[in-house]
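Notes to accompany the following structure.
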Amino acid sequence: MRRTVFDEDHEAFRETIRAFIEAEVVPVYDEWFAAGQAPRDFYAKLGELGIFGINVPEEFGGAGLDTHKFEGVLYEETARAGVQFGGSGVHVLLALPYIKMLATDEQKKRYLPKFVSGEEMWALAMTEPGTGSDVAGMKTTAKLSEDGTHYVLNGAKTFITGGVHADRVIVCARTSAPTAEDRRHGISLFAVDTKSEGYSIGRKLDKLGLRTSDTAELAFVDVKVPVEDLLGEENKGFYYLGHNLASERWGIAFGAYAQAKAAVRFAQQYVQERTVFGKPVAHFQNTKFELAACKAEVDAAEAVADRALEALDAGELTPAEAASAKLFCTEVAHRVIDRCLQLHGGYGYMNEYPIARLYADNRVNRIYGGTSEIMKSIIAKSMGL
């Protein structure tokens, strides 16, 4: 079937991104991989390319579009090349929706021009040590000063993607205690300047995969956050977080599908070139059957990812549908990438081959943005179970 989710503009963007990756990323990617992060100046290049401004209003330096389809192209092209754009994904997929939804006009004028250019990189700090998926259990606090000019932030966060290079971080903190009726009450969001006194970056975490994406622990000791940097209203943070989870989970689902599609491409190339027992690996029936089965799964995941993308752009993607797409696409990617690595034999276990990096990168998809078990709970609840 002909795919209809992308049009000529998206395909022109694809060509630009593919050329950019070949020229600016592939030649140095091994260096990024060894260093455990992309260089900070790379984000300025992404800003110059216009990637950060696609969904930003024109008055703030963006293209003024309202679509996630260009993000879909980015997922496909980075996966196809076996690379990552460092921690820039959270800048657009996670941070931008909160700025657009919650920031006042004054805040947008301060935040967005530097956001678009890459001069200021953003991250989202939600997860805390010991709480994991239990967002309502967070302990970080933000107390309003007596003179009402600032909040005093204290606490710690972990697993913060983009946390090393971030210039501003949307920090989730308690401004009020939970109530007996609603333990989710009392959470607020703040756009925290990482240069603030008392703000510190702990360990740059040594991850299994996503090696070029900087992930850090953060700590806050009496950090003064001006009241002008409160995003939205006090105590409504949990609602805001839930509102944007659908787009985050779509992004994980689409990224996982793109990784699975890339894995089939890598395996298909490898088995046609690799010779054993005097013939290419591709000539064996088992190879053909394995790749055929993988392609069928990828085709199904593509359909699910595309349908979720269309629903997201239309403002109709429900939490349960987003959870279903994430669960299905990440489980498909898990199976497909594992089978494609197996077809590489011993070489599939070597990091010099993109399939090995894909295998490691993909594993977190069933954990972050809500574990597969959480996704099943959301889907079951929507079924009345």
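Scope of the values below: all heavy atoms of this structure, side chains included, with no hydrogens, waters or symmetry mates.
A salt bridge is absent between Glu217 and Lys204: the closest approach of a Lys/Arg side-chain nitrogen to an acidic carboxylate oxygen does not fall below 4.0 angstrom. Between Arg3 and Asp306, at least one side-chain N (NZ, or NE/NH1/NH2) sits under 4.0 Å from a carboxylate O, which counts as a salt bridge. Salt bridge absent: Lys376 and Glu373 never bring a charged side-chain N and a carboxylate O closer than 4.0 Å.
Looking only at distances, a side-chain donor or acceptor of Thr78 sits under 3.5 Å from a matching main-chain atom of Leu74. Looking only at distances, a side-chain donor or acceptor of His165 sits under 3.5 Å from a matching main-chain atom of Ala38. Checked by atom type and distance alone, the side chain of Lys326 never pairs as donor or acceptor with a backbone atom of Thr371 at under 3.5 Å. Remark: side-chain polar atoms of Thr275 are not paired, donor with acceptor, to backbone N or O of Gly278 under 3.5 angstrom. Asp105 places no side-chain N or O within 3.5 Å of a backbone atom of Lys108 that could act as its donor or acceptor partner. No donor-acceptor pair under 3.5 Å is formed between the side chain of Asp361 and the backbone N or O of Gly209. Looking at Thr149, its side chain never comes within 3.5 Å of a backbone N or O of Ser145 through a donor-acceptor pair.
Considering only heavy atoms from C-beta on, Phe115 stays 4.5 Å or farther from Phe60 through its side chain. Side-chain contact between Tyr98 and Leu241 is present, with heavy atoms from C-beta onward closer than 4.5 Å. Side-chain contact between Ser213 and Gln37 is absent, with no heavy-atom pair separated by less than 4.5 Å.
Evaluation of the salt bridge (Lys or Arg N to Asp or Glu O under 4.0 Å) test over residues 249-273, restricted to residues two or more places apart or in two chains, returns Lys261-Glu302. Screening residues 174-226 for ring pair (Phe, Tyr, Trp, His ring centres under 6.0 Å), with sequence neighbours left out, gives Tyr151-Phe190, Tyr199-Phe220. The salt bridge (Lys or Arg N to Asp or Glu O under 4.0 Å) contacts involving residues 220-233 comprise Arg110-Asp229, Arg168-Asp229, Glu233-Lys236, where partners must be two or more places apart or lie in separate chains. Pairs of residues two or more places apart, or lying in two chains, that qualify as salt bridge (Lys or Arg N to Asp or Glu O under 4.0 Å) and include a residue from residues 153-166 are Glu128-Lys157. Within the structure, every pair that satisfies the side-chain hydrogen bond (donor to acceptor under 3.5 Å, both in side chains) test and touches residues 46-62, not counting sequence neighbours, is listed here: Asn55-Glu71. Sorted by first and then second residue, the pairs that involve residues 21-33 and meet salt bridge (Lys or Arg N to Asp or Glu O under 4.0 Å), not counting sequence neighbours, are Glu24-Lys45, Asp30-Arg357.
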Inset, instruction - Please report the C-alpha distance between Asp313 and Thr67 in whole Å, then the side-chain angles of each, then the deciding distance to 0.1 Å, and finally whether the side-chain hydrogen bond (donor to acceptor under 3.5 Å, both in side chains) criterion is met. - result: CA-CA 5 Å; Asp313 269 11; Thr67 176; 2.5 Å; yes
Inset, instruction - Test Phe6 against Phe13 for ring-ring contact (aromatic ring centres under 6.0 Å, His included), laying out the working first. - result: CA-CA 10 Å; Phe6 297 125; Phe13 179 71; 9.8 Å; no
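Between the side chains of Glu321 and Thr318, at least one donor N or O lies within less than 3.5 Å of an accepting N or O. Counting only N and O atoms by type, the side chains of Tyr257 and Glu76 include a donor and acceptor under 3.5 Å apart.
Summarising the local packing, NZ of Lys295 is surrounded by 12 or fewer heavy atoms from other residues, nucleotides or ligands at distances under 6.0 Å. Within a 6.0 Å radius of CZ in Arg335, more than 12 heavy atoms belonging to other residues, nucleotides or ligands are found. Within 6.0 Å of the NE2 atom in His243, the count of heavy atoms belonging to other residues, nucleotides or ligands does not exceed 12. Within 6.0 Å of CG in Asn351 there are more than 12 heavy atoms belonging to other residues, nucleotides or ligands. Counting heavy atoms of neighbouring residues, nucleotides and ligands inside a 6.0 Å radius, atom OH of Tyr359 does not exceed 12 of them. Other residues, nucleotides and ligands contribute at most 12 non-hydrogen atoms within 6.0 Å of the CZ atom of Phe159. Atom NZ of Lys143 has 12 or fewer neighbouring heavy atoms from other residues, nucleotides or ligands inside a 6.0 Å radius. The environment of Gln269 atom CD is dense: over 12 non-hydrogen atoms of other residues, nucleotides or ligands sit within 6.0 angstrom.
Annotation: side chain to side chain donor-acceptor pair (under 3.5 Å) contacts of Ser176 (sequence neighbours excluded): Asn235. The side chain to side chain donor-acceptor pair (under 3.5 Å) search around Asn362 returns Gln259, not counting sequence neighbours. Glu352 pairs by the side chain to side chain donor-acceptor pair (under 3.5 Å) definition with nothing, not counting sequence neighbours. For Asn244, there are no side chain to side chain donor-acceptor pair (under 3.5 Å) partners, not counting sequence neighbours. In this structure Lys195 satisfies the salt bridge (Lys or Arg N to Asp or Glu O under 4.0 Å) test together with Asp193, sequence neighbours excluded.
No chain of hydrophobic side-chain contacts below 4.5 Å, direct or via other Ile, Leu, Val, Met, Phe, Trp or Tyr residues, connects Leu230 to Met138. Cluster annotation: Tyr240 and Val171 are assigned to distinct hydrophobic clusters (Ile/Leu/Val/Met/Phe/Trp/Tyr, side-chain heavy-atom contacts under 4.5 Å, transitive).
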Show the atom names and distances, to 0.1 Å, of all donor-acceptor pairs under 3.5 Å that link a side chain in residues 280-293 to residues at least two apart or in another chain.
residue : atom : partner : partner atom : Å
Thr287  : OG1  : Val281  : O            : 2.8
Glu290  : OE1  : Arg339  : NE           : 3.2
Glu290  : OE2  : Arg339  : NH2          : 3.1

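One finds the CG atom of Asp214 at 10.0 Å from the CZ atom of Arg40 (value rounded to the nearest 0.5 Å). Taking CG of Leu124 as the start and NE2 of His91 as the end, the distance is 13.0 Å to the nearest 0.5 Å.
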